[in-house]
There are 2 protein chains.
Amino acid sequence: MHNHPEADADEKLDWAISRSRALGLRRTKALDALLRVLIEAKNPLSLADLADSNGLRDRCDRATVYRLVTRLDEKGIIRRIGLHERSSYYVFLFPGEHHDYLICTDCGKIDPVDLDCPVAELEEEVMRKSGYKQIYHELEFFGQCPDCIG
Amino acid sequence: MHNHPEADADEKLDWAISRSRALGLRRTKALDALLRVLIEAKNPLSLADLADSNGLRDRCDRATVYRLVTRLDEKGIIRRIGLHERSSYYVFLFPGEHHDYLICTDCGKIDPVDLDCPVAELEEEVMRKSGYKQIYHELEFFGQCPDCIG
DNA sequence: GTACCTGCAAAACCTTTGCAGCATC
DNA sequence: GATGCTGCAAAGGTTTTGCAGGTAC
């Protein structure tokens with residue numbers, strides 16, 4: 001589940017690019033750069049995070065980043081998640097990977113949390129009971145991080 | 001868990017008001033109205049939802065609503081949750097109650113989902129492993145609702 | 001050559017804050 | 001009477017869109 005070390009990054013990037021191509025997106029510098037940043041990120045990134053990242057700053061406009069994440073989200077290559085801040089966050093969606101997050105209510109720090117998420121099994125139940133399709137879930141824990149205690 | 005019928009609304013309101021008072025808030029018309037709307041709501045409400053609700057529209061300014069939800073959230077009487085839209089949503093926090101939500105990725109409809117949430121037990125584990133305190137969680141399911149399928 | 005992308009700039013949207021007057025305790 | 005709340009209005013920050021030009025296919 002959480003056993004994809006750095007080494008996979010290039011592999012993921014290749015996969016993401018060909019998938020993007022297959023879904024009708026053009027391969028532009030901005031696309032490459034954005035996918036790379038997102039794949040190498042350890043945490044979800046906001047639009048601002050992305051636009052200001054080393055990989056994208058000076059390489060493309062905020063509006064382009066915005067339109068890219070929107071398209072990639074629509075295609076299901078990345079996912080927009082909530083996380084409480086005013087802005088949206090984006091994560092790369094690699095099949096079979098899922099992360100839950102732990103967020104400090106005081107300083108806003110975001111940490112991925114490693115656990116055998118018991119919710120995956122519930123998705124089917126929810127699907128059956130509700131009639132919804134294409135179900136996925138988001139799980140976040142909120143609390144006061146060690147640095148902010150006391 | 002999910003056995004608090006409408007009848008409890010008045011009881012909850014009384015409780016919420018005295019708790020607000022105890023925590024140092026003044027009892028104003030706006031406070032009463034806001035708590036009532038939130039307690040009677042079946043779904044989480046955004047700032048706009050609240051301000052435009054029958055209970056609050058014409059009764060108080062948006063800024064007042066904003067400041068009220070902020071205070072109530074700080075006091076732990078209501079809770080701000082994410083839910084994906086650009087705006088924050090608020091729910092009344094009654095001790096012992098917890099809701100997870102099912103949100104349509106197409107039309108944005110929000111439904112509370114009834115299930116024995118298995119995440120509560122994980123909170124302790126997360127707390128132990130991470131050193132975070134005051135942990136709570138949010139769980140949302142996303143999918144395409146029956147009306148939006150096809 | 002065409003359809004799609006990008007940059008720049010402006011428009012839209014909410015949220016957030018300052019301040020003077022009013023209500024609660 | 002003092003403190004905290006409220007309204008109004010303005011400021012802040014992101015997100016979103018229009019349009020002309022450039023680029024991938």
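Protein chains get the first letters and strands the later ones, always in sequence-line order, with residue 1 at the start of each. The shown structure was predicted, so the numbers you read here are calculated from the model rather than taken from an experiment.
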- request: Let me have a per-nucleotide readout for nucleotides 17-25 of chain C, 5' to 3', with B, S or -, counting only protein heavy atoms under 4.0 Å.
  value: BBB---BBS

- line: Heavy-atom nearest pair, A:Tyr132 first then A:Met127, reads O-CG, 3.0 Å

- prompt: What parts of residues 51-62 of chain A reach DNA chain C, counting only heavy atoms under 4.0 Å away?
  reply: A:Arg59, A:Cys60, A:Asp61

Partner residues of A:Tyr66 under the ring pair (Phe, Tyr, Trp, His ring centres under 6.0 Å) criterion, sequence neighbours left out: none

- prompt: side chain to side chain donor-acceptor pair (under 3.5 Å) with A:Gln144: which residues, sequence neighbours excluded?
  reply: A:Asp106

- prompt: Just by distance, with hydrogens left out, do A:His137 and B:Glu140 show a side-chain donor and acceptor under 3.5 Å apart?
  reply: no

field: Closest-nucleotide ordering on DNA chain D, the 5'-leading residue of B:Leu68 and A:Ser88
entry: B:Leu68

Of B:Ser46 and A:Val65, the one whose closest DNA chain C nucleotide lies more 5': A:Val65

field: Within one Ile-Leu-Val-Met-Phe-Trp-Tyr cluster: B:Tyr90 and B:Ile39, side-chain cutoff 4.5 Å
entry: yes

field: Euclidean distance, atom CD1 of residue A:Ile17 to atom C1' of D:dA24 [Å, nearest integer]
entry: 14 Å

- prompt: Which salt bridge (charged side-chain N to carboxylate O under 4.0 Å, His left out) pairs, counting each pair once, include a residue from residues 69-83 of chain B, with sequence neighbours left out?
  reply: none

field: Whole-Å gap separating P (C:dC14) and CG (B:Leu50)
entry: 14 Å

N or O in side chain of B:Ser87 less than 4.0 angstrom from C:dC14 OP1/OP2: no

query: How close or far is atom C1' of C:dG7 from atom CG of A:Leu34, stated in whole angstroms?
result: 16 Å

- prompt: In chain order, what residues pass the ring pair (Phe, Tyr, Trp, His ring centres under 6.0 Å) check against A:Tyr89, with sequence neighbours excluded?
  reply: none

field: Non-neighbouring partners of A:Lys133 that pass salt bridge (charged side-chain N to carboxylate O under 4.0 Å, His left out), sequence neighbours left out
entry: none

- prompt: Under 4.0 angstrom, heavy atoms only, what part of the nucleic acid is B:Ala48 near: base, sugar-phosphate, or nothing?
  reply: nothing

Would you give me the side-chain donor-acceptor pairs under 3.5 Å for residues 49-57 of chain A, sequence neighbours excluded?
residue	atom	partner	partner atom	Å
A:Asp49	OD1	A:Ser46	OG	3.4
A:Asp49	OD2	A:Ser46	N	2.9
A:Asp49	OD2	A:Ser46	OG	3.1
A:Asp52	OD1	A:Arg62	NH1	3.4
A:Ser53	OG	A:Leu50	O	2.7
A:Ser53	OG	A:Leu56	N	3.3
A:Asn54	OD1	A:Arg57	NH2	2.7
A:Arg57	NE	A:Asp52	O	2.9
A:Arg57	NH2	A:Asp52	O	3.2

query: Given the rule that I, L, V, M, F, W and Y join up when any side-chain heavy atoms are under 4.5 Å apart, are B:Val113 and B:Ile103 in one cluster?
result: no

Inter-end axis angle, the helix from C:dG1-D:dC25 to C:dC25-D:dG1, with every axis fitted to five base pairs (rounded, 10 degrees): 40°

- request: Please list, by residue number, the residues of residues 70-79 of chain A whose heavy atoms come closer than 4.0 Å to an atom of DNA chain C; answer none if no residue qualifies.
  value: A:Arg71

Donor-acceptor list for residues 25-35 of chain A side chains, cut-off 3.5 Å, not counting sequence neighbours:
residue	atom	partner	partner atom	Å
A:Arg27	NE	A:Asp32	OD1	3.1
A:Arg27	NE	A:Asp32	OD2	3.4
A:Arg27	NH2	A:Asp32	OD2	2.8
A:Thr28	OG1	A:Leu31	N	3.2

- request: Any pair with a residue in residues 8-42 of chain B that passes ring-ring contact (aromatic ring centres under 6.0 Å, His included), sequence neighbours left out, goes on the list, sorted by first then second residue, please.
  value: B:Trp15-B:Phe94

message: Looking at A:Lys12 and A:Glu97, is there a salt bridge between them, counting it only when a charged N and a carboxylate O are closer than 4.0 Å?
response: yes

